[in-house]
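Beneath this line is the structure, given in C-alpha cells, with notes to follow.
Just so it is clear, the model here is predicted, and its values are computed rather than measured. Here is the naming used below: chain letters follow the sequence lines, and residue numbers restart at 1 for every chain.
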Number of protein chains: 2
Amino acid sequence: MKGNAVYKGAYNRCLDYLADMTIDEKLPSTSELASRLAVSRTTARSVLVSLTSAGVLRLDEIGHSLQRAPEAGDYFPEKQTMSAAAAVERRFMEWILQGDFRAGQLLNSSELARQFGTSTTTIREYLTHFHHFGLIERRPNSAWVFRGITADFAEEVYEVREMFEMRSASHLIQMPKSAPCWRELAEIEAQHHDILADIDVRYKEFPALDERLHRLVHDASRNRYVIEFYNIASAIFHYTYQWNRDDEKERNTRALKQHLVYIAGLRNRDMHAVNASLKSHLDSARTTLMKSIELGPFKVTGTPAITS
Amino acid sequence: MKGNAVYKGAYNRCLDYLADMTIDEKLPSTSELASRLAVSRTTARSVLVSLTSAGVLRLDEIGHSLQRAPEAGDYFPEKQTMSAAAAVERRFMEWILQGDFRAGQLLNSSELARQFGTSTTTIREYLTHFHHFGLIERRPNSAWVFRGITADFAEEVYEVREMFEMRSASHLIQMPKSAPCWRELAEIEAQHHDILADIDVRYKEFPALDERLHRLVHDASRNRYVIEFYNIASAIFHYTYQWNRDDEKERNTRALKQHLVYIAGLRNRDMHAVNASLKSHLDSARTTLMKSIELGPFKVTGTPAITS
DNA sequence: TCTCTGTCTCTTATATACATAAGACAGTTG
DNA sequence: CAACTGTCTTATGTATATAAGAGACAGAGA
C-alpha cells in the first residue's frame, strides 16, 4: 500500500557512497550509514541486505564490506525513487505545461486517479495542497476547477512578488556586514560575471542562478509567508519558463545585466537604487511571462528538459 | 463512510424555509427547492421524504404540502450539520486556543485521529491544509511540529497584512464612484456610528464589523493571494481574539475611532491619510495580539463564545 | 560504560471500500 | 414542448486496511 521510494532512494544514495570506497573496505555502523543516507536504521538495514544479495556487498564475521565496485546497472531508475505524491506533482505540472488542461476545465479526482495510475487519496491530497498555488479552486461535493495560467494570474503573482521582494530587500540591506548572506551574494555576483563572459555557451545556466539570487533575498525577510510564497511562485516560474524559448539568449543576457545593477544596489545598501532596479527587472520578467501566456504552451514531446 | 452533514444542513434550512409558509401551502418543485437549499435535487428529495415521515409535510396527489408548523425540536443539532473536516478545524483551533499544544510539540496523526474521534484521512487532509497557516510544519515520514502562536508569528502575519492591506486600499480608492464597494463602505461607516453611540452595550459587535471592513478592503485587490491570506489571517484573529479580554471595551472603542479616520481617508481617496491611519490602526491591533500572546491562552471551559 | 545490532511496536503513506451527494436521462404530465 | 419527477450512474468524502518506514529497547561485544 505504501510505495518503497524511500528505500529505493536510499539504495541509490548508498551506491553513490560505495563508489568512493575501496574493495574489501568495511562499512560504517548501520546508525552512521542511516544518518548519512538520511533514513532510519530500519531502511538502511534493508538496503544492506539487498546490496549483499545483489553481490555488491559481502557479509562475514566482521560485518558488511565492499565486494565489488557498483555499476550503473545496479541503480534503481530515478522515477521509482519519487514518492507517489511527488510523482503526481510532476505529472500534473507537465499536463498544465503541455496545455492538457484548459482554463475553466473541471477536474475530477477519480478520473485523474485513473489517468495518473494512483489512488484518489493521493490525488485529493495533492489537489488540496495545490489549491494554494491559486491555480485550482474547489467546489465542495463536486469537481475542482482549473483556473488556468492566464494574464490575470500573472498580474496577481507579480503584484505580490514585487511587494514581497522589495520588503525582503529592505531587510537584506539592514543585515550586518558579517552576515553570511553577503558572502553568498558576492558568489552569486561572480557567477553572473562568469556566465556573461561566456554567454553564448552558458546562457542556459541563467534560471538556476536567478532562482538562487531571488531566494537569497526572500530568505532575508525571515518571514514564513514570504518564503512560502516564493516557493510556490518559483515552482510556477520553473514550469512556465519552458513555454517560450524565443530570444532566450537575449532575454537572459538582459536579465543578468539587470541583476548586476540590482546586486550593486544591495551591496551599497542603497534602497532607492534597489527599488528602481528591482522594479525594472520584475517588469521585464512579467512581460516575458505574459508573452509566454499569449503564445500558450507548446507541446514538449521529446524535450529532455521536461522528462529528465 | 461519508457523513450526512449536507443532508442535515439542508433539512434545517428547509425547516427555516417552511417557517415562512402557511399550513396547507404547496411546496415548490424539487428543482427550485434544491437550489434554494443550495444542494442537489437528490438531497432535496430525501429531505422531503423525511420531513413527510416526521409529519411536517404531507404528500398527496398534488405533491408535498405543509402539514404543521415546524418546531424547535424538529431541527438537527447544529454540530451534526458540520462536515467532519469542518469539525476537525474547529476542534483543532480550540485546542490551540486553550493551550493544549505547546510550541515545538510533535503532533502525530494517529493520536490526533483517536483524540478527535475521526479517521487519519481527515486529520491528514486538515493538517496539510493548515500547514499553510504557517503554524504547522511537516516532517516527511514522521510527525508534524506545532510551531506555536509566538511573537515571531505575530510579527510575520502583521508584516504581510500591512503590505497587503495598503496595496488593497490603493486599489479601492481607484474604484469608480459607481462601484458597489462605496455603498457597502457607507453602510459600514454608519454601523460604526451606531455602535459608538451605544458602546456600553454593543462593544462586543466590534470584531464582526472589523472583519467586514478589512475584508471589503482586501477584496478590492482582486488578487487571489491577498484574499486567501486574509481568509487565513482572519480565522487566526477570530480565535486569538478570545485570549485577552482585559479592557475590551476601551480597545474596541479606540479601534472603532481609528476605523472612522481610515474610512474617511478611503472616501476622500487620500492615500496619504489612508496609509497613516491604517498604519496606526494595525500597530495597535498588533500590540493587542502581542499582549495576548504574552499572557498566553487562558482556559475557556464554559465560555459560551467558544462552544456555541 | 558505550556503541552496535536484532527485534519489536507504532506511525505514516497509500490503496481500497462504501455511504452520501450530484447530476444525467428519459418518461410523464400539464 | 417545457418543466417536473423517478431512476440510474458516477463522484465525493470519509473510514478502514496494509505495506513501508521510524524509532524504542534490550542484549551483546568491546
K2(B) (side chain) and dT14(D) (base): donor-acceptor pair under 3.5 Å: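 Answer is no: no donor-acceptor pair is held.
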Examine the base of dA15(C) for any acceptor or donor lying under 3.5 Å from a partner atom in the side chain of T121(A), and report the outcome as yes or no.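 Answer is yes: a donor-acceptor pair is held.
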Using whole Å, what does the distance between atom [atom2] of nucleotide [N] and atom [atom1] of [X] come to?
{"X": "L107(A)", "N": "dA11(D)", "atom1": "CG", "atom2": "C1'", "value": "14 Å"}
{"X": "L27(B)", "N": "dA3(D)", "atom1": "CG", "atom2": "P", "value": "20 Å"}
{"X": "W144(B)", "N": "dA22(D)", "atom1": "CH2", "atom2": "C1'", "value": "17 Å"}
{"X": "R45(A)", "N": "dC25(D)", "atom1": "CZ", "atom2": "P", "value": "17 Å"}
{"X": "I62(B)", "N": "dA3(D)", "atom1": "CD1", "atom2": "P", "value": "21 Å"}
{"X": "N141(B)", "N": "dA22(D)", "atom1": "CG", "atom2": "P", "value": "5 Å"}
{"X": "R139(A)", "N": "dG23(C)", "atom1": "CZ", "atom2": "P", "value": "10 Å"}
{"X": "I123(B)", "N": "dT16(D)", "atom1": "CD1", "atom2": "P", "value": "13 Å"}

Using OP1 and OP2 only, check whether a side-chain N or O of [X] sits under 4.0 Å from [N].
{"X": "S46(A)", "N": "dG21(D)", "answer": "no"}
{"X": "T42(A)", "N": "dG21(D)", "answer": "no"}
{"X": "S29(A)", "N": "dT3(C)", "answer": "no"}
{"X": "S109(B)", "N": "dT11(C)", "answer": "no"}
{"X": "R41(B)", "N": "dA3(D)", "answer": "no"}
{"X": "T120(B)", "N": "dT11(C)", "answer": "no"}
{"X": "T30(B)", "N": "dT5(D)", "answer": "yes"}
{"X": "S142(A)", "N": "dA11(D)", "answer": "no"}

With distance as the sole criterion, is a donor-acceptor pair present between the side chains of [X] and [Y] under 3.5 Å?
{"X": "S234(B)", "Y": "H214(B)", "answer": "no"}
{"X": "S119(B)", "Y": "T122(B)", "answer": "yes"}
{"X": "T43(A)", "Y": "S46(A)", "answer": "no"}

On DNA chain D, nearest-nucleotide positions of S110(A) versus T118(B): which is more 5'?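 The 5'-side residue here is S110(A).
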Go nucleotide by nucleotide along DNA chain D from the 5' end; which of A38(A) and E111(A) gets its closest nucleotide reached first?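 Mapping each residue to its closest nucleotide by heavy atoms, the 5'-most match is E111(A).
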On DNA chain C, compare the nucleotides closest to A143(B) and K8(B); which residue's is nearer the 5' end?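 Nearer the 5' end of the strand: A143(B).
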Upstream residue (5' side of DNA chain C) when P140(B) and V6(B) are each assigned their closest nucleotide: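 The residue mapped nearer the 5' terminus is P140(B).
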So Y225(A) and F153(B), would you call those rings parallel, tilted or perpendicular, with 30° and 60° as cut-offs?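 The rings of Y225(A) and F153(B) sit tilted, inter-plane angle from 30° to 60°.
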Sugar-phosphate only, base, or nothing, as touched by G63(B) at under 4.0 Å among non-hydrogen atoms: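 Since no nucleic acid heavy atom lies under 4.0 Å of G63(B), the category is nothing.
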Applying a 4.0 Å non-hydrogen cut-off, can you work out what R138(A) is touching in the nucleic acid: base, sugar-phosphate, or nothing?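 Touches sugar-phosphate only.
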Give the nucleotide from the list [options] with an atom nearest to the side chain of [X].
{"X": "N108(B)", "options": "dA22(C), dT11(C), dT20(C)", "result": "dT11(C)"}
{"X": "S119(A)", "options": "dT14(C), dA21(C), dA20(D)", "result": "dT14(C)"}
{"X": "R114(B)", "options": "dG23(C), dA22(D), dT11(C)", "result": "dT11(C)"}
{"X": "A84(B)", "options": "dA21(C), dT14(D), dG23(C)", "result": "dT14(D)"}
{"X": "R124(A)", "options": "dA19(D), dC4(C), dT14(D)", "result": "dT14(D)"}

For the aromatic rings, using the six-membered ring if either is Trp, is the centroid distance between Y11(A) and Y75(A) under 6.0 Å?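 Centroid separation for Y11(A) and Y75(A): 6.0 Å or greater.
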Can the ring centroids of H131(A) and H129(B) be said to lie less than 6.0 angstrom from one another?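 Not close enough - the centres of the two rings lie 6.0 Å or further apart.
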Could you tell me whether E211(B) and R215(B) make a salt bridge, using a distance below 4.0 angstrom between a side-chain N and a carboxylate O?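 The answer is yes: the pair qualifies as a salt bridge.
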